[in-house]
Structures are given as structure tokens and as C-alpha cells.
Novice: 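Got a structure for you, written out below as C-alpha cells; questions coming shortly.
So that the names make sense, note that chain A is the first sequence line, chain B the second, and so on, each numbered from 1. Remember, predicted model here, so these are calculated numbers, not experimental data.
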Amino acid sequence: MIDLIFPDGSQRQYEDGATGRSVAASIAKSLEKRAVLIKLDGELYDLDRALPSGGVFEILTRDAPEALDTIRHDASHVMAEAVQELFPGTQVTIGPAIEDGFYYDFARATPFSLDDLAKIEQRMKEIVDRDEPITREVWNREEAIAHFTEIGEAYKAEIISDLPGTDEITVYRQGQWKDLCRGPHLPSTKHVGKAFKLTKLAGAYWRGDHRNAQLQRIYGTAWASEADLEAYLTRIEEAEKRDHRKIGRAMDLFHLQEEAKGMIFWHPKGWTLFRTVQDYIRRRLDAGGYQEVKTPQIMDRGLWDRSGHWEKFGANMFVCETTEGEELAVKPMNCPGHIQIFNVGQKSYRDLPLRLAEFGACHRYEPSGALHGIMRLRAFTQDDAHIFCREDQIEEETTRFVRLLNSVYSDFGVHLDSVKLALRPDLRAGTDEVWDIAEDKLERAARQAVNIGIERMPGEGAFYGPKLEFHLRDAIGRTWQCGTLQLDFVLPERLDAEYTAEDGSKQRPVVLHRAVFGAVERFLGILIENHAGAFPLWLAPTQVVVATITSDADDYALAVAQELRAAGLRVETDLRNEKINYKIREHSLAKAPVIAVVGRREAEEGKVALRRFGSDGQEILSLAQAAKTLALEALAPDVARSTAAASASPREPVGAREAG
RNA sequence: GCCGGAUUAGCUCAGCUGGUAGAGCAGCGGUUUUGUAAACCGAAGGUCACGGGUUCGAGUCCUGUAUCCGGCACCA
């Protein structure tokens, strides 16, 4: 007998061999009809599978949130069945549920075309209508390998061979079709429903390795209801309007062109935004004990040889030869330059931690397919810094950095999507012993400072050390690594950095490579998408537009603009011979934070009528009052904090909270 | 780099099965002096990404190249 505890707390006993279906039937016939899965002690099981034990038990219907992943997983199987019916000879490989949908990777000599998707979708709907029962079978390993090999499913046979010997080999039958799969699945294909849509085609390498065969991946989205599907499609459509490439053009921030692939032409407004962000982080670094430096853009190959970059990274570097036969490389990163500065003169343990910062213009020859708007470029600016410290300072420096990063992100109104810890890669410098220490220190420090879970990523680290990655999300949900902190025991060794310890001995410092934005450009891309171009006042390239109602007010408008500029605001005037409605509409669409309307009345009374973005009211203020109010509102958050702290209680030290 | 798609006016897009290009907005010229999300009129604007081919004839079909977009790989 097994004991089941139901969601209402009640408990009942069932015979051994009871299934989710039989339990559901014992409660109500209608429940049995609607049941698609069961949850036992947090695990999902097929409805018709004998319950392995008692426990906390729940019957799931199709609309249960937990069922959604299974609907998506089943949709991928239905798609695979449809593909194999329509395109005989196509091999199946894997097809999981993913965020918002699913995919399946197929092996096939000729790639699919977009036209095929409609046919496949049609056939999927027929398979749903056929209501094919989905049943689970446990197979013998050797027989399974032999079977899949015989029917020409080499990939499936390979997957089975690689499964740990302790794993059961389960095959799910779906009508005439079958697939090796761990499950669980819905009882039959009708439960998948028709709220799905095939969305895109892509090549994908078998097991994610570019040395392997390229498979044909078909992506789809699937939902519990038609309404959810519609909502999703609308959401995506809306998100695409926030694309930084669209907004960048519409707001005249920047452009890219063929002659400089992966490099940005910043227009005046975009560059203003860039500078505002740069000025902000510069203040934070100054306050945080960093010293800014500037190192050469192009350096001799010899240095890159010694640093190891020529060997490990050479293929991605822009190089040039001089007429005198020197071989030079444009810097892909700033670290070797900073170590040169560290190496000049003698350093003492008293100098540590030494934090050298640089807005480093880096160039990397990225593969053409990797370029993406201003998120992935060949020329970009890192808000880079290298912290030279002792091993026993690593944890504190890491904690300080993460606090700074959290504070900066919150000032910009962006939210961390995830924090990852990239661990030792196969190709690496340094002994295992050194890596053990490095990984351990980083993880411990990060755990202290980060309030979300840290994802461990084996094999993803840099060749010289483990790496903490701070990821942010763009408009359509892709995540981008922005902030990073990387431990490096290797480069100081290779470039011979040392300091004199207390006992007079020469010691190697540890280097922490760190960046809050990662690349300023990428961070701006995220910022544009997160705000949909409607920047807060302190960031907006144009903060105030002074718009006239009639030409009578032109002179006054110019005076207003001048006064606001004198108060430190970025101001434009609109004296065009257009109706005020037209001007309001245009500047609202351009997301100007403040429109200052002036007509004859304002000119006579020395006032301005302020209209804020997102509101249709107006606020009539004297010009002096408006300048004062807006200037105060336009302060960067860090400046606003120190201003407030200075004028508040003297007991609270200035900037104490954000000094980290 | 790999797979799939796209590329037509400054921008957003139309152009059916081949018959030498069309709209809206913007820009320009004029009229209008306007009170909080689009005043009116007019003229202009294109080597249909680029190169080759098929055809009497190519924006449309074939082919090569480039860039961009969606993925994959890469991101030290």
C-alpha cells in the first residue's frame, strides 16, 4: 500500500500499482478526464505510470503552470513526428522545452526552408487531431542501441550508448511514431492543443560543438491557450519596437555602416549619452579608490607574445606591420598595458591594493556572425580596471566590486538577470592547485555580496583564471554579459609584476580584471532597450525642448533656453512655424523628458509651462523656479546623493553607502 | 565562420503569375501665427545592395558577392 497526501492536506491509501489516472478516477470521473500529469514529491510523472511510492501528491490538469513545460516538450515531439512523416530519412536528435517554447534538432542533408514550416505546422495540427496515445516503455539498453542503429537513427543510438549504465532506457510511443526520451509526457497528442507556432530555423551543431555535424534546428513557441499564444506574440512584437538599433536610428543616436563593420558612428545625441554615462562611472571610480590611466592603442608584438595573447588570442587581433618591419597589434584588452604601469618603479605591499582604471578602446576581430547592433562590436570601450592585490585581499576586493556594481545598476534602473561563475576551461594556464584557490576565493566572496543564486559554469572560464559574470537582459529577453570580475594568477607571472613584501621578499601580486558595464556600448544598448528610449532626465541627451506657440515668443524662448543651459541643462529650441499641437506630438514621440512651452502669455509674465513626458498636464513656473527645479532633478543619482548628504545631518558621512 | 531569411526614396513599407517603379511620413518651396499629441497647397526625390547570366524584355527568374536580421559556434 502507498500513502498519498493531497494538496488539501488529506491523506489516502492506495494499492501498489496505482497510477495517477486510477487515483484521479477514484476522486472524480471528470478529474480523470482532465488530468494530464501528476506531481509526486515535486517530481512530474506520466498519468499512466505506476506510482513508485507514496508522498505529497497532486493531479495536474492541462492549465496547471507545471504542465506548460510538458506541453512544450510534447509539441517538440509532435513536430518531430510531423517532420519524419513529411521528410522521410530525416534523423531525430534532441528536442527539449525551452523558455516560451521548444525546439528540435534534425539531421538532414538538405536544410529546411521557411516554406517548410507552414507544412510542418499543418501536419502537427493533424497529429494533435489524431489524438495519438503517448505511452512509456522501458527497453533493454543493447536492444535499444541495436534497434535505433537498424532504423538509421544513429544519433539516438549514440545518446543511448552515452547514458550512464544506471539509467533506465525509456522509449515513448506516440501512435506509430516513437522517440527515446526521459519523459514525462501528456497521455495523448490532443492535450498538446494547437496554441503553438513554429517561429524560426537555424543551424545548430550536434552537442553544441562546431567540429561536429551541423543539424537543422526548428524553433517553436507553445502555450496552454490560444490567448496566451496571442499575448506572447504581441509581447514579442512590442519588445521589438524597443530594439536599440531601431531607437538608435529614430532618436539619431548612432549608426553603423559597411565600411566599418562592428564599429559605431556616434552622433551628437548618442555621444552625449555616452559621455553622461562615462562621467558618472568616472565619479564612482574616483570615489571608490581607483586611479584612472591611459595606455597605448597599438603595441609591439613582443609584449603580446610575452602576455600570451598572441598565441591564445592572435586570430582575433587586428595587427599591422610598419615599413620598418615591426609587427604591431591593436589592443584587444588593457591588461598588459596596466601591468607596464605597475612595473615602473618599485611597488611595496603598502601600495596594494592598487586599482588602475581606464576607459579602454579595445578592438577585436570578432567572427562576422557574432556582430550584433552595438551589443557585440569589433571596437568598443571597456570601463576596465585592474586591481593589483595580495591573495588575502581578493575576497574583500571582490566584495567591494560587487557592491559598487549593484549600486551602479540600481542607479541606471537595470536589474541583474543572473550571476555566473565560469570555472576552469580545458585549455588553460596555471596549475590545478592555483585554480582550486582562485575558484574558491571568487565563489566565497561573490556569495557574500550577491543576493541572487550564482550559477556555476564548468569549463567556461578564461584561460588565465575563473570569472564572475553579471548578465543583463535586452528587450526580447536575450541576456548579455556586462559586468565581470576575473581572477588572474597568470599574467603577473608572465609579465613579471612584483612587489616587495613586509619581510623584504619579492612577491607576485594577483590581478583582478573587472568592469561594471563590461563594454560601455553594450551597456548603453541595454539601457536604451530597458528604457525604450525614454531616458530619465539625468541621462536624456536632450533634457528640455523649449517650444514656441507663435513667433512673438521667439526672443523669450531663446532667453529661456539660455537660462536653462546656464543652469546646466541640455536644451533645444523649437521656433518652427508649426502649431503647438504638432510640436508637442513630435517631441513627445521623440521622448523629450520636458517640453517647456512659451507663448505670448509666458513671455509677458516671465514664466514657462512645463509638460513632462508621459503626462498631459502642465506646470506653470517662473523661469528662475523652473531652472532651479529642473537642474536639481537632472542631477545624476550619485551627485544627488552627495548633495543631499552634505545638506543633511553631518553625522552621516558623505557617500558612505555607495563608496564600496 | 555555419544554417535560414532580408536588402525597393532619408524613414516605414507596397509592387500578383517577368512588360523599364508607387504610398505615407520626413525633407524642400509657398500659404498659415497657431495655447498642449499631426494645418493646407506644390514641386522634387530611385543605377530597385553590387556583379554576372537567362529572356525581345528582369525590382520580379538563376547565379556569385557584400551587408544586415534570427539562430548555432565564438565572446580570451
Side-chain angles (χ1 to χ4, degrees), chain A residues 103 105 108 110-117 199-219 240 243 245-246 249-250 252 255-259 261-262 307-309 311-317 332-333 335 362 364-373 375-378 380 422 425 427-429 460-465 467 469 476 478 480-481 484 486 488 490-491 513 518-519 522 547-554 575-590 595-602 609-611 615-618:
Chain A
Y103 69 77
D105 283 347
R108 185 158 183 265
T110 42
F112 295 107
S113 79
L114 237 34
D115 296 336
D116 297 329
L117 293 192
T199 50
K200 49 199 177 193
L201 278 174
Y205 300 102
W206 168 236
R207 298 203 151 155
D209 189 329
H210 69 278
R211 289 164 299 194
N212 291 338
Q214 188 162 48
L215 307 171
Q216 302 298 318
R217 177 172 298 179
I218 303 178
Y219 283 94
E240 280 168 1
D243 190 309
R245 292 162 295 202
K246 282 198 175 135
R249 184 165 43 230
D252 194 21
H255 85 270
L256 297 108
Q257 67 185 48
E258 280 191 31
E259 291 82 353
K261 286 188 284 289
S307 72
H309 289 103
E311 184 200 341
K312 294 272 193 324
F313 201 67
N316 291 302
M317 284 160 71
M333 54 197 70
C335 357
C362 297
R364 300 180 185 179
Y365 186 76
E366 301 284 8
S368 56
L371 302 178
H372 181 102
M375 304 289 213
R376 185 81 182 268
L377 294 159
R378 285 184 176 160
F380 56 95
L427 191 66
R428 60 175 181 262
E460 299 285 315
F463 77 86
Y464 50 72
K467 166 166 122 177
E469 300 177 1
I476 72 160
R478 284 178 289 230
W480 297 89
Q481 180 196 308
T484 180
Q486 306 179 26
D488 192 344
V490 176
L491 206 56
H513 310 252
R522 176 178 290 182
T548 52
I549 294 171
T550 62
S551 52
D552 294 350
D554 284 2
L575 311 183
R576 290 175 303 171
N577 177 12
E578 295 289 352
K579 290 194 161 187
I580 191 63
N581 285 0
Y582 180 88
K583 295 185 185 182
I584 295 283
R585 176 182 150 83
E586 191 165 284
H587 300 300
S588 298
L589 288 173
I595 304 173
V597 176
V598 294
R600 190 177 302 158
R601 218 154 51 217
E602 286 74 14
L610 301 185
R611 180 185 165 121
S615 129
D616 56 3
Q618 45 180 319

Novice: Can you work out whether A:Asp616 or A:Asp552 has the more 5'-proximal nearest nucleotide on RNA chain B?
Specialist: A:Asp552
Novice: In this structure, how many angstroms lie between the P atom of B:C50 and the CD atom of A:Glu259, rounded?
Specialist: 14 Å
Novice: Polar pairs (N or O, both sides) under 3.5 Å between protein and nucleotides 38-43 of chain B?
Specialist:
residue	atom	partner	partner atom	Å
B:A38	N9	A:Arg585	NE	3.3
B:A38	N7	A:Arg585	NE	3.2
B:A38	N7	A:Arg585	NH1	3.2
B:A38	N7	A:Arg585	NH2	3.0
B:A38	N6	A:Arg585	NH2	2.5
B:A38	N1	A:Arg585	NH2	3.4

Novice: Run the side-chain contact (heavy atoms from CB on, under 4.5 Å) test against A:Asn316 and tell me which residues pass, sequence neighbours left out.
Specialist: A:Phe313
Novice: Taking only residues two or more places apart in sequence or in another chain, which ones pass salt bridge (Lys or Arg N to Asp or Glu O under 4.0 Å) with A:Asp488?
Specialist: none
Novice: Quick one: label A:Ala370 by what it contacts on the DNA or RNA (base, sugar-phosphate, nothing), any heavy atom closer than 4.0 Å.
Specialist: base
Novice: Whole angstrom is fine here: how far is it from OH in A:Tyr219 over to P in B:C3?
Specialist: 16 Å
Novice: Would you please name every residue forming a side-chain hydrogen bond (donor to acceptor under 3.5 Å, both in side chains) with A:Glu586, sequence neighbours left out?
Specialist: A:Arg576, A:Tyr582
Novice: For the pair made of CG in A:Leu589 and P in B:C25, what is the distance, rounded to whole Å?
Specialist: 14 Å
Novice: Can you tell me which nucleotide in B:G4, B:C11, B:G35 comes closest to the side chain of A:Leu114?
Specialist: B:G4
Novice: NA contact type, A:Tyr103, heavy-atom cut-off 4.0 Å: base, sugar-phosphate, or nothing?
Specialist: nothing
Novice: Would you mind classifying the nucleic acid contact of A:Pro425 as base, sugar-phosphate or nothing, using non-hydrogen atoms under 4.0 angstrom?
Specialist: nothing
Novice: What's A:Thr199 touching, base or sugar-phosphate or nothing? Going by heavy atoms closer than 4.0 Å.
Specialist: nothing
Novice: Give the nucleotide from the list B:U12, B:C75, B:G1 with an atom nearest to the side chain of A:Arg249.
Specialist: B:U12
Novice: Side chains of A:Arg378 and A:Leu371: does their closest heavy-atom pair fall under 4.5 Å?
Specialist: yes
Novice: Roughly how many Å is it from CG in A:Asp252 to P in B:A26, rounded to a whole number?
Specialist: 17 Å
Novice: Please tell me if the side chains of A:His255 and A:Arg249 come closer than 4.5 Å, counting only heavy atoms from C-beta onward.
Specialist: no
Novice: Given atom CZ of A:Arg378 and atom C1' of B:C74, what is their separation to the nearest angstrom?
Specialist: 12 Å
Novice: Let me have RNA chain B in dot-bracket notation, would you? Count Watson-Crick plus G-U wobble pairs, both distances under 3.5 Å, and use [ ] for pairs crossing earlier ones and | for inter-strand partners.
Specialist: (((((((..((((.....[..))))..((((.......))))......(((((..]....))))))))))))....
Novice: Quick one: label A:Pro367 by what it contacts on the DNA or RNA (base, sugar-phosphate, nothing), any heavy atom closer than 4.0 Å.
Specialist: base
Novice: Base, sugar-phosphate, or nothing for A:Leu215, non-hydrogen atoms under 4.0 angstrom?
Specialist: nothing
Novice: Sequence neighbours left out, what passes salt bridge (Lys or Arg N to Asp or Glu O under 4.0 Å) with A:Asp209? Give chain and number order.
Specialist: A:Arg211
Novice: Using a 4.0 Å heavy-atom cut-off to protein, can you give one letter per nucleotide of nucleotides 62-70 of chain B, 5' to 3': B if the base is in contact, S if only the sugar-phosphate is, - if neither?
Specialist: ----SS-SB
Novice: If only side-chain N and O atoms of A:Arg611 are considered, is one of them under 4.0 Å from the OP1 or OP2 phosphate oxygen of B:A37?
Specialist: yes
Novice: Starting at CG of A:Asp115 and ending at P of B:G5, how long is that distance when rounded to a whole Å?
Specialist: 8 Å
Novice: Would you indicate what A:Ala609 reaches in the nucleic acid, counting non-hydrogen atoms under 4.0 angstrom: base, sugar-phosphate, or nothing?
Specialist: base
Novice: Please work out if A:Gln486 contacts a base, only the sugar-phosphate, or nothing of the nucleic acid, heavy-atom cut-off 4.0 Å.
Specialist: sugar-phosphate
Novice: Quick one: side-chain hydrogen bond (donor to acceptor under 3.5 Å, both in side chains) partners of A:Gln216, sequence neighbours excluded?
Specialist: none
Novice: Considering only atom C1', compute the distance from B:C11 to B:A26 and round it to an integer number of Å.
Specialist: 7 Å
Novice: 5'-most contact on RNA chain B: A:Gly465 or A:Glu586, nearest heavy atom basis?
Specialist: A:Glu586
Novice: By salt bridge (Lys or Arg N to Asp or Glu O under 4.0 Å), which residues pair with A:Arg478, not counting sequence neighbours?
Specialist: A:Asp474
Novice: Would you mind classifying the nucleic acid contact of A:Ile549 as base, sugar-phosphate or nothing, using non-hydrogen atoms under 4.0 angstrom?
Specialist: base
Novice: Determine the Euclidean distance between corresponding P atoms of B:U55 and B:A66; express it in Å to zero decimal places.
Specialist: 28 Å
Novice: So A:Trp480 and A:His372, would you call those rings parallel, tilted or perpendicular, with 30° and 60° as cut-offs?
Specialist: tilted
Novice: Sequence neighbours left out, what passes side-chain hydrogen bond (donor to acceptor under 3.5 Å, both in side chains) with A:Tyr103? Give chain and number order.
Specialist: none
Novice: Between the base of B:G1 and the side chain of A:Tyr205, is there a donor and acceptor pair under 3.5 angstrom?
Specialist: yes
Novice: Between B:G46 and B:G35, how many Å separate the two P atoms, rounded to a whole number?
Specialist: 38 Å
Novice: Given B:C3, B:U33, B:C72, identify the nucleotide with an atom nearest to the side chain of A:Ser551.
Specialist: B:U33
Novice: Do A:Glu602 and B:G35 share a donor-acceptor pair, side chain to base, under 3.5 Å?
Specialist: yes
Novice: Please identify each residue that fulfils side-chain hydrogen bond (donor to acceptor under 3.5 Å, both in side chains) with A:Ser307, with sequence neighbours left out.
Specialist: A:His309
Novice: Whole-Å distance between B:C74 C1' and A:Lys467 NZ?
Specialist: 11 Å
Novice: Using whole Å, report how far CZ of A:Arg601 lies from P of B:G35.
Specialist: 10 Å
Novice: Is it the case that B:C3 (base atoms only) and A:Arg108 (side chain only) share a donor and an acceptor within less than 3.5 Å, ignoring hydrogens and angles?
Specialist: no
Novice: I'd like the C1' distance from B:G1 over to B:C56, given in whole Å.
Specialist: 44 Å
Novice: Mind checking if A:Gly617 touches a base, just sugar-phosphate, or nothing, with heavy atoms under 4.0 Å?
Specialist: nothing
Novice: Contact between A:Glu602 and A:Val597 at the side-chain level, heavy atoms closer than 4.5 Å - yes or no?
Specialist: no
Novice: Could you tell me if the side chain of A:Arg522 sits less than 4.5 Å from the side chain of A:Gln481, heavy atoms only?
Specialist: yes
Novice: If the condition is salt bridge (Lys or Arg N to Asp or Glu O under 4.0 Å), which residues does A:Arg108 pass it with, not counting sequence neighbours?
Specialist: none
